[in-house]
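Scroll down for the structure; my scribbles are underneath it.
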2 protein chains.
Amino acid sequence: MARTTGSHCDITGPKVRRAALTLFARHGYAAVSMRQIAGAVGVQAGALYNYTPDKQTLLFSLMQGHMEALLTARADLPSPEDPVEGLEGFERFHIHFHLARPDAVFIAYMELRNLEPGNFAEIERLRRAYEDALEDILRAGVAAGVCDIPDTRIATRAVIAMLTGVMTWYRADGLLTPDALADCYWSMTQAMVGAG
Amino acid sequence: MARTTGSHCDITGPKVRRAALTLFARHGYAAVSMRQIAGAVGVQAGALYNYTPDKQTLLFSLMQGHMEALLTARADLPSPEDPVEGLEGFERFHIHFHLARPDAVFIAYMELRNLEPGNFAEIERLRRAYEDALEDILRAGVAAGVCDIPDTRIATRAVIAMLTGVMTWYRADGLLTPDALADCYWSMTQAMVGAG
DNA sequence: GTCTATAAGGTGATAGAC
DNA sequence: GTCTATCACCTTATAGAC
C-alpha cells in the first residue's frame with residue numbers, strides 16, 4: 001500500500017524542480033504559486049521549503065543550473081583549427097542543446113526580469129560567457145579571412161538570436177527532425193557570416 | 001489651485017495605457033497589480049475600471065494596438081518591383097519601428113502566454129500576417145533567382161528573430177544610431193538570404 | 001519529511017458617496 | 001470620473017505536531 005506521508009527526500013527534490021520548471025515555462029514565474037507547484041508534486045505547500053529557502057531561489061537555481069549545463073557542454077566541444085568547422089560545431093550544438101530543453105530555455109530568456117539584482121548579475125555573467133565563446137570563433141574567422149561580418153559583437157548576438165528563434169515555432173511532433181533543422185540553420189549561419 | 005478630483009477623461013485614459021505598458025514591460029503582466037498601475041497614474045485602483053473592464057482586456061488592448069500599428073505601418077511601405085529592394089525596405093522599417101517602441105515589443109513577445117485563448121488567437125493571427133508579408137518578399141526573391149535560402153518559411157522566421165534580437169541588447173544611449181544599426185543588420189540580412 | 005494551521009498582507013473587482 | 005470602503009480570495013513563508 002502506497003504511503004502518502006513520510007520520507008521521500010531522494011525523489012521529491014527533483015520532482016519539485018521539474019514541476020517548477022514546467023509551470024514557470026508555461027505560465028511564468030509570477031503567475032505560478034507555491035501551492036500550484038506543490039500540487040503538481042503531490043505535497044502540501046509547506047513541504048516545498050525543505051528544498052528551497054524561497055520561491056526566488058528556486059527560480060534562480062533553475063536558471064543557473066541551465067546556464068552552467070550549457071557552458072559545460074559547450075566547453076566539451078572539440079576545438080578545431082578551422083574557424084568554420086568550429087562555427088559549424090557551435091551551431092549544431094546550440095540547436096540540439098536548446099531543442100532538448102525547451103522549458104529551461106524559455107525560462108532563461110523570459111524570467112530575467114524576475115530575478116533579484118544579484119541573481120540577475122550572475123545569470124548575465126553566464127550568458128555573456130556563452131556569447132564570448134561564439135565571438136571568439138567569429139573573430140578567428142575574420143582574422144583568417146574566412147568570415148565577412150560588419151561587426152563581430154553584433155554578428156555574435158545576431159547569430160544567437162537567429163538560432164534561438166527556432167524555439168518560438170519548432171514543435172517536436174512536426175516533420176522536421178532536429179538534424180534537418182540544424183542543417184537548415186547551418187546553411188543560413190554560414191551565409192550570414194560570409195563563410196559560404 | 002490644482003484639483004485632485006473631478007473630470008479628467010481626456011488624459012487619464014492614455015495615462016493608464018502608458019503606465020500599464022511601462023510596468024508590464026518592466027515587471028511582467030502577472031507581477032504588476034492594478035494598484036501599482038493606479039499609483040503610477042495618480043489615481044485610486046477603482047478609477048482604472050472606467051478605462052478597462054478588467055486587467056486582461058488592458059493587456060490584450062495594448063498588444064492588439066501594437067500589432068495593428070505594426071501592420072498598418074508595414075502596409076504603407078512602398079512596394080518596389082525588385083524583391084531585394086523590398087527586403088531592404090522591410091528590414092529598415094522593422095529595425096526603426098521596433099527601436100522606437102521597446103516596451104510594446106517586449107510585451108508583444110513576452111506576454112503571449114498570459115493571454116486568454118481567444119485573445120491569444122487574435123494576436124497570433126496578427127503576428128502571422130506580419131510574417132506573411134516578409135515571406136511574400138522572400139518567395140518573390142527566390143522566384144526571381146536573387147535569393148538563395150533553404151526553406152522560405154524558416155528563413156522568414158530566422159530573419160525576424162535575428163532582427164528582433166536587437167531589442168535584447170540595444171540601448172539608445174549607446175554610440176550606435178538607429179540608422180547605423182539598420183545598415184549593419186541590412187548587410188547581415190542580405191548575406192543570410194543570399195542576396196549579396 | 002510532511003502535515004495542518006496560521007500569520008501578515010496583497011489581489012482583482014465592485015458599490016455607493018460625492 | 002474619482003473616491004473610500006469592502007468582498008472574497010489568494011499569496012509567501014513559518015511553527016509546531018506527528
Side-chain angles (χ1 to χ4, degrees), chain A residues 1-21 23-24 26-63 107 111 113-119, chain B residues 1-21 23-24 26-63 107 111 113-119:
Chain A
M1 178 180 148
R3 292 200 306 176
T4 57
T5 184
S7 176
H8 297 280
C9 64
D10 301 352
I11 55 168
T12 304
K15 275 170 83 176
V16 167
R17 296 176 64 84
R18 293 188 83 79
L21 193 77
L23 288 169
F24 287 166
R26 184 134 35 192
H27 307 292
Y29 170 76
V32 173
S33 71
M34 293 300 266
R35 279 175 176 78
Q36 279 179 275
I37 298 170
V41 172
V43 297
Q44 293 301 312
L48 297 180
Y49 293 89
N50 287 312
Y51 304 97
T52 180
D54 51 39
K55 191 185 174 192
Q56 166 72 201
T57 304
L58 179 55
L59 173 64
F60 172 67
S61 166
L62 290 173
M63 294 174 78
I107 291 172
E111 303 299 351
R113 64 185 164 184
N114 285 309
L115 290 173
E116 286 164 8
N119 292 341
Chain B
M1 178 178 149
R3 293 200 306 176
T4 57
T5 184
S7 176
H8 297 280
C9 65
D10 301 351
I11 56 169
T12 304
K15 276 170 82 176
V16 167
R17 295 175 64 84
R18 294 188 83 78
L21 192 76
L23 287 169
F24 288 166
R26 185 133 37 192
H27 306 293
Y29 171 76
V32 172
S33 71
M34 294 299 270
R35 282 170 176 80
Q36 278 179 274
I37 298 170
V41 173
V43 296
Q44 293 300 311
L48 297 180
Y49 293 88
N50 288 312
Y51 303 98
T52 181
D54 50 40
K55 191 185 174 191
Q56 166 73 200
T57 304
L58 179 55
L59 172 65
F60 173 67
S61 167
L62 291 173
M63 294 174 77
I107 291 173
E111 304 298 351
R113 63 186 165 182
N114 285 309
L115 290 173
E116 287 164 8
N119 291 341

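The chains referred to below are lettered A, B, ... by the order of the sequence lines, with proteins before strands, and numbering in each begins at 1.
Taking each heavy atom of B/Ala31 and B/Gln36 in turn, the nearest pair found is O-OE1, 3.4 Å. The shortest heavy-atom contact between A/His27 and B/Arg113 is C-CD, 4.0 Å.
Between B/Thr12 and D/dT2 there is a side-chain polar atom (N or O) within less than 4.0 angstrom of OP1 or OP2.
When distances run from any side-chain atom of B/Gln44 to the nucleotides D/dT2, C/dT2, D/dT4, the shortest one goes to D/dT4.
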Under 4.0 Å protein heavy-atom contacts per nucleotide of nucleotides 12-18 of chain C, with B for base, S for backbone only and - for none
BBB----
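Atom pair A/Ile37:CD1 and D/dA13:C1' shows a separation of 13 Å (rounding to whole Å applied). Protein atom CG of A/Asn50 is 6 Å distant from nucleotide atom P of C/dT2, rounded to whole Å. Taking atom OH of residue A/Tyr51 and atom P of nucleotide D/dT14, one finds them 17 Å apart after rounding to whole Å. Rounded to whole Å, atom P of C/dT2 lies 9 Å from atom CG of A/Leu48.
Counting non-hydrogen atoms of neighbouring residues, nucleotides and ligands closer than 6.0 angstrom, the CZ atom of A/Arg18 reaches no more than 12 such neighbours.
At least one side-chain heavy atom of B/Leu48 sits less than 4.5 Å from a side-chain heavy atom of B/Ile37.
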What pairs of donor and acceptor atoms, side-chain ones from residues 55-62 of chain A against any protein atom, are under 3.5 angstrom apart with sequence neighbours left out?
from: A/Lys55; atom 1: NZ; to: A/Tyr29; atom 2: O; distance (Å): 3.0
from: A/Lys55; atom 1: NZ; to: A/Val32; atom 2: O; distance (Å): 2.7
from: A/Gln56; atom 1: OE1; to: A/Glu116; atom 2: N; distance (Å): 2.9
from: A/Gln56; atom 1: OE1; to: A/Asn119; atom 2: ND2; distance (Å): 3.0
from: A/Gln56; atom 1: NE2; to: A/Asn114; atom 2: O; distance (Å): 3.0
from: A/Thr57; atom 1: OG1; to: A/Asp54; atom 2: OD1; distance (Å): 2.6
from: A/Ser61; atom 1: OG; to: A/Arg17; atom 2: NH1; distance (Å): 2.6
from: A/Ser61; atom 1: OG; to: A/Arg17; atom 2: NH2; distance (Å): 3.4

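With values rounded to the nearest 0.5 angstrom, A/Met63 atom CE is found 11.0 Å from A/Leu21 atom CG.
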